[in-house]
S.K.: 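My questions all concern the structure below.
Convention: sequence-line order gives letters A, B, ...; per-chain numbering from 1.
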Amino acid sequence: MNKNQEYEFQKKDSFWQKTWEEKQVFKVSDDSKKEKKYILDMFPYPSGEGLHVGHPKGYLATDTYCRFLRMSGFNVLHPLGWDAFGLPAEQFALKTGKHPREAVKRNVKRFKSQIKMLGLGFDWDREINTTDEKYYKWTQWIFLKLFERGLAYQAEIPVNWCPELKTVLANEEVVNGVSEIGGHPVVRKPMKQWMLKITAYADRLLEDLDDLDWPEPIKEMQRNWIGKSEGAKIVFKTTENENIEVFTTRPDTLEGSTYLVLAPEHSLVSKISSKENSKDIQKYQDECSRLSDLERTGPESDKTGVNTGALATNPITGEKMQIWISSYVLGHYGTGAIMAVPAHDQRDWDFAKKYQLPIKPVVHHPNLKHDFEKSAFEEHGFSSTPKEENIATEKAIESMISWIEQSNIGEGSISYKLRDWLFSRQRYWGEPIPIIHTENGPIPEEKLPLTLPLLEKIQPTGDGQSPLALAKEWLNAKKGNRETNTMPQWAGSCWYYLRYLDPDNSEKLIDPEIEKNWMPVDLYVGGAEHAVLHLLYARFWHKVLYDIGAVSTKEPFKKLLNQGMIQGSDGQKMSKSRGNVVNPDEIIKEYGSDVFRMYEMFMGPFEGSAPWNTEGISGIKRFLNKSWKILLSEDSQKDSNEKIRHKTILKVTDDIEKFSFNTCLSSLMIYLKNLEENGSSEEDKDTFLKLLTPFAPHMCEEVNLVRKGSKMACELDWPKGDAEKTIEDIMEMPVMVNGKLRARMQVKQTDSTNENLLQEMALKEENVINFLAGKDPKKIIVIKGKIVNIVI
RNA sequence: GCCGGUGUGGCGGAAUGGUAGACGCGCUAGUCUUAGGAACUAGUGUCCGUUAGGGCGUGGGGGUUCGAGUCCCUCCACCGGCACCA
């Protein structure tokens, strides 16, 4: 190795990657005296296309961070595995004619080799794969626990059926009326399905968000998704003595309620409808049930409905109210019925206008004039009814709830937008649901895993049955038929972070001691697109596991960060179809992995998105080449960089912890420039090498080897910065006149807090004298050590 | 429509209420070279000025402050989420 040569990035990469692996540098032990850190990446779905440069951004950041933490003396767990069940793998298999098991095997191999090329320090001894029966045994085990606790149940419900994919989809997997995967149309169809009762945990999922160190927008999205509304349930009696229960958040407007609306699918509709209306009613119900959610939701004002002919009584006024059905009332929310208050709810107002139903204002606001002919008045204000004369809305809601409760016609109540989780899929490539039917009972725990049979033909049947229904041998258990539906893709990812901790345990999901040692995850990094799917499901399962004593923390992920996307150079999302994909293999082949890693970290803030620009890489390459030369150059005789050295240590340390890698690199560049200009001491080189190691691990190992370091570079101790040593003897102090910069003074550090002296000096500045033009300053503001501002 | 987020040079981006544009790309000029898409040096927000210096400038408008990219109000644009949730 000749220090005058440029560093040959590409050639050394694989050598150091192998060395790390052989020396097991990234293997983590459970018993260490060091403080633990559990850093987790959202594990990848190994698709057939391999990685593009955007995929590894999160892994690069966590790897850099973990290398920093290790050097800082922590016991760091950083594992990776594969989320490999589910539709994409199955669709890929169907298209290519390969069995998904084979496809997954191949894709994982490809992904792993790409990831290894980046020099990422994962502990591969803990690798897991959701399609491994040793893994999904425990996914099934958790399902049994859910079943035992009544949290998994079957129901005949209208579901999102996708004829193209031949499976049902969860609401969250349907976007704008088409499947999220592939964009195929989705229709409504009643089917018997497995559901998970996530709604039973709605309140806890909502409340425990408060204590999480997550990006506020993600927490807000989960709050909105859970959608808690406080209000009341009120029972209306029909003239035929049927009870119709409605949910409202504005019980104070009860007196202004002039009609009722039931969802078309409400169970009382056929019972209360008058004979002459029943034909229209049925026709309308048919129409609604066939329509997808998208079709059913047209423009908001375009409301349709049919009068049932039945009448109810307003419990306060005793007035008769018509009862309608309309698609704008949803069967699955609240009680599936509403009391319409057209004066104070725009939707009701639209409907009332269209069908000429009465509009009766009961809330006013003295400062807001309102024309009820034009729209509803939805603001809070004051009640204007004989019963609640001039009471503020908030108070009126409370007092009305107590009146309702005293009158025995209802109670205060809470509704959630969150719905139970549709958990079955009519597809082959997923975890079999461990249930035997005739007994409708679970498979006993000790018989798990219920393995997925190796079928030749995995095409979905299209009649709503899973391909497993055709596996005759597998289907028939001694005591009855097996459940043929499989679990959705999200199942395996709900708990994988636990399995890394104890990947080979065949007796338990996880050993409690080990669990206590590592949980919770200190930092979880992944894309924001999982804000309400994976992250909510995983929190739900974790809370169930907490309730059965399998884990010791209420929440799995203490801190969350979302990496921004790397877009194509056209500013669009990187994708094969847009033809803007850049492959990391090519970049690494040309520049080496250190340059690639550093460039991705240098591109901008971690949580931001930015377009890929291959031209920009050259700056990083230059920087590393210069670093190589400086690190292997002759020592300077004197140590002239102490101040900048300590400044850099403090800045880099601080910024790594903030995941602000771009500014870390910028301060390293500044430090390097100083070393080039002033010469570098042994201590400078030591420090610079250590600070650079997490970012350019391969080159730094090489430098360390040439410099004959006793340990490996990645095992060196992180340097300590001393703020005292960064203080400059002479500082520049800006002088402003009327808030505009007019001069800069050189001030001794010791004088920088001397107000009188600073004033005096500032007034002597030539340019300041010019601007004063002989006038006396009105006021002089001196901020010690910062700035002088002269006001005239 | 509702809820979030973001707007700074040609580009990616820096900036605890205190010198806007750090750092990098690109560009311009130069040095070295047979050559260079290599390396190095200098310059680079914009307008005026030979220089000194000055005017303007962080999406638009207003405000608070000695001082605002940063705080407040309002409008606009783009991105993300939700979308008849009573």
S.K.: Quick one: A/Arg419 CZ to B/C82 C1', roughly how many Å, whole number?
M.R.: 13 Å
S.K.: For this output row, return yes or no: ring centroids of A/Phe9 and A/Trp628 closer than 6.0 angstrom.
M.R.: no
S.K.: Which residue, A/Gly739 or A/Ile617, contacts RNA chain B at a nucleotide closer to its 5' end, judged by nearest heavy atom?
M.R.: A/Ile617
S.K.: Once you round it to whole Å, what is the distance between P of B/G17 and CG of A/Leu741?
M.R.: 20 Å
S.K.: CD of A/Glu220 versus P of B/C3: gap in Å, rounded?
M.R.: 10 Å
S.K.: Measure from CD on A/Gln567 to C1' on B/C11 and round the result to the nearest Å.
M.R.: 13 Å
S.K.: Please report the distance, rounded to the nearest Å, between CG in A/Asp654 and C1' in B/A15.
M.R.: 15 Å
S.K.: So, under a plain 3.5 Å distance rule, would you say the side chain of A/Lys417 forms a donor-acceptor pair with the base of B/C82?
M.R.: no
S.K.: If you only use heavy atoms from C-beta on, which nucleotide in B/A86, B/G4, B/G24 is closest to the side chain of A/Pro217?
M.R.: B/G4
S.K.: Could you state the NE2-C1' distance from A/His534 to B/G81, rounded to the nearest angstrom?
M.R.: 18 Å
S.K.: Please state the P separation for the pair B/A68 and B/G57 - nearest whole angstrom.
M.R.: 12 Å
S.K.: Show your working on side chain to side chain donor-acceptor pair (under 3.5 Å) between A/His332 and A/Arg419 and close with a plain yes or no.
M.R.: CA-CA 8 Å; A/His332 54 73; A/Arg419 290 198 249 167; 3.2 Å; yes
S.K.: Could you check, using the six-membered ring where one of them is a Trp, whether A/Trp324 and A/Phe351 have ring centers closer than 6.0 angstrom?
M.R.: yes
S.K.: Contact between A/Asp654 and A/Ile656 at the side-chain level, heavy atoms closer than 4.5 Å - yes or no?
M.R.: no
S.K.: B/A86, B/G13, B/G26: which one has an atom nearest the side-chain heavy atoms of A/Leu330?
M.R.: B/A86
S.K.: Roughly how far apart, to the nearest Å, are B/U58 and B/G4 at atom C1'?
M.R.: 23 Å
S.K.: Nearest to the side chain of A/Asn662, heavy atoms from C-beta on, is which of B/A14, B/G26, B/C84?
M.R.: B/A14
S.K.: Does the ring centre of A/Phe596 sit less than 6.0 Å away from the ring centre of A/Tyr591?
M.R.: no
S.K.: Looking at B/G54, B/G13, B/C40, which one has an atom nearest to any side-chain atom of A/Lys626?
M.R.: B/C40
S.K.: Which one, B/A86, B/G54, B/G26, comes nearest to the side chain of A/Arg742?
M.R.: B/G54
